[in-house]
Amino acid sequence: MKRKLVAVALTVSCLSLAAYGTIAYFTAEDTAINVITTGNVRIELQETAVPEDGADPVPFEDVIGVMPGGKVSKIVGVKNTGDKTAYIRIQLEKGLALAEGTVGEADLGLIGLNIDRENWTEKDGYYYYNEPLAASETTKPLFTEVSFSEDMSNLYQNSKATISVKAGAVQTDNNGDSALEAAGWPEA
């Protein structure tokens, strides 16, 4: 009887080891690392000017000595330097600081911009580009010229005019049918 019990115990032990080996043979473990890279939205504000000789545009530089009735070439556009199509908007702010010691109030209406209203739409203080801007493309210029009214009096001698330009972009994917409907615009 003892031999039978030992034989049964041995048989059960052998079967257990065989089953464990079989289970170990059919199980495996591995680790996979998946990398998902998102696209990016990047833009570059471009400010150029056509020199007086009419040559190709060059980077815009400050202009000194503009007279009433004068015009200054200033071409403002945006290039999409990212790899995703983007909606573009620009905010403009005109400034006019009178010369030191001059008493009076500056009239910003005396500074004009030839805004392109065919390719850009104004809403809520911003100009929205009417078309999505693909990677590596550049918008049509928002404006190409700053003009100074002939009505500027001696009050404006040695004054300083500024045009502050701020551009923003958001992705077009899953973000409305136009720039006017898009969400997620940067605040700064």
Side-chain angles (χ1 to χ4, degrees), residues 41-82 85-172 178-182 184-188:
V41 175
R42 290 190 185 118
I43 58 171
E44 178 183 291
L45 182 61
Q46 296 185 330
E47 294 182 299
T48 58
V50 175
E52 288 183 22
D53 64 7
D56 290 336
V58 296
F60 180 81
E61 293 183 11
D62 292 346
V63 179
I64 298 172
V66 179
M67 300 299 288
K71 295 179 181 181
V72 174
S73 174
K74 181 176 175 87
I75 304 166
V76 173
V78 176
K79 181 175 184 174
N80 183 346
T81 59
T85 301
Y87 291 127
I88 306 296
R89 76 176 183 181
I90 292 179
Q91 183 178 37
L92 300 174
E93 184 177 333
K94 294 190 284 185
L96 187 54
L98 299 177
E100 188 176 327
T102 303
V103 179
E105 191 169 319
D107 180 3
L108 294 175
L110 297 173
I111 301 172
L113 304 172
N114 65 334
I115 301 291
D116 173 0
R117 299 194 186 277
E118 184 178 326
N119 294 295
W120 295 83
T121 300
E122 183 180 12
K123 182 179 178 191
D124 300 328
Y126 291 93
Y127 292 92
Y128 294 85
Y129 195 58
N130 294 338
E131 299 295 325
L133 190 63
S136 301
E137 289 187 356
T138 303
T139 64
K140 302 275 188 205
L142 174 59
F143 64 92
T144 59
E145 188 176 82
V146 180
S147 60
F148 298 88
S149 173
E150 292 178 354
D151 296 334
M152 293 181 116
S153 65
N154 288 336
L155 176 69
Y156 297 97
Q157 285 187 39
N158 297 317
S159 63
K160 187 179 205 176
T162 57
I163 309 295
S164 175
V165 182
K166 296 177 186 174
V170 294
Q171 70 183 34
T172 58
S178 73
L180 295 171
E181 296 174 9
W185 289 102
E187 293 298 321

Say you draw a straight line from [atom1] of [X] to [atom2] of [Y]; how long is it, rounded to the nearest 0.5 Å?
| X | Y | atom1 | atom2 | answer |
| --- | --- | --- | --- | --- |
| Leu98 | Leu155 | CG | CG | 5.0 Å |
| Gln91 | Ser164 | CD | OG | 8.0 Å |
| Ile64 | Asn158 | CD1 | CG | 10.5 Å |
| Leu110 | Ser159 | CG | OG | 9.5 Å |
| Asp107 | Asp151 | CG | CG | 9.5 Å |
| Glu145 | Lys74 | CD | NZ | 13.0 Å |

Minimum-distance pair of heavy atoms, taken over all atoms of [X] and [Y]:
| X | Y | value |
| --- | --- | --- |
| Glu150 | Gly69 | CG-CA, 3.6 Å |
| Tyr87 | Gln171 | CD1-O, 3.8 Å |
| Ala169 | Ile88 | CB-CD1, 3.7 Å |
| Ala135 | Gly82 | CB-O, 3.3 Å |
| Leu45 | Ala167 | CD1-CB, 4.1 Å |
| Pro57 | Pro51 | CA-CD, 4.5 Å |

Taking C-beta and beyond as the side chain, do [X] and [Y] meet within less than 4.5 Å on heavy atoms?
| X | Y | result |
| --- | --- | --- |
| Leu92 | Leu142 | yes |
| Pro141 | Val76 | no |
| Tyr127 | Phe143 | no |
| Thr81 | Arg42 | yes |
| Tyr156 | Leu96 | yes |
| Leu133 | Thr85 | no |
| Ile90 | Tyr126 | no |
| Pro186 | Val170 | yes |

Counting only heavy atoms not in [X] (residues, nucleotides, ligands), do more than 12 fall under 6.0 Å from its [atom1]?
| X | atom1 | answer |
| --- | --- | --- |
| Glu122 | CD | yes |
| Glu93 | CD | no |
| Glu181 | CD | yes |

- Query: Hey, does the side chain of Thr139 reach the backbone of Val78 with a donor-acceptor pair shorter than 3.5 angstrom?
  - Reply: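 A pair under 3.5 Å: yes.
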- Verify, without hydrogens or angle tests, whether Asn114 (side chain) and Thr144 (backbone) share a donor-acceptor contact under 3.5 angstrom.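 Indeed, once roles are kept as given, a pair shorter than 3.5 Å links the two residues.
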- Item | Contacts of type side-chain hydrogen bond (donor to acceptor under 3.5 Å, both in side chains), residue Glu44, not counting sequence neighbours |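 Applying side-chain hydrogen bond (donor to acceptor under 3.5 Å, both in side chains) to Glu44 gives Gln46.
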- Task: Check ring pair (Phe, Tyr, Trp, His ring centres under 6.0 Å) between Tyr129 and all other residues, then give those that pass, not counting sequence neighbours.
- Result: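 Result, ring pair (Phe, Tyr, Trp, His ring centres under 6.0 Å) vs Tyr129: Trp120.
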- Task: With side-chain contact (heavy atoms from CB on, under 4.5 Å) as the test, would you mind laying out the steps for Phe148 and Val72 before giving the verdict?
- Result: CA-CA 9 Å; Phe148 298 88; Val72 174; 3.9 Å; yes
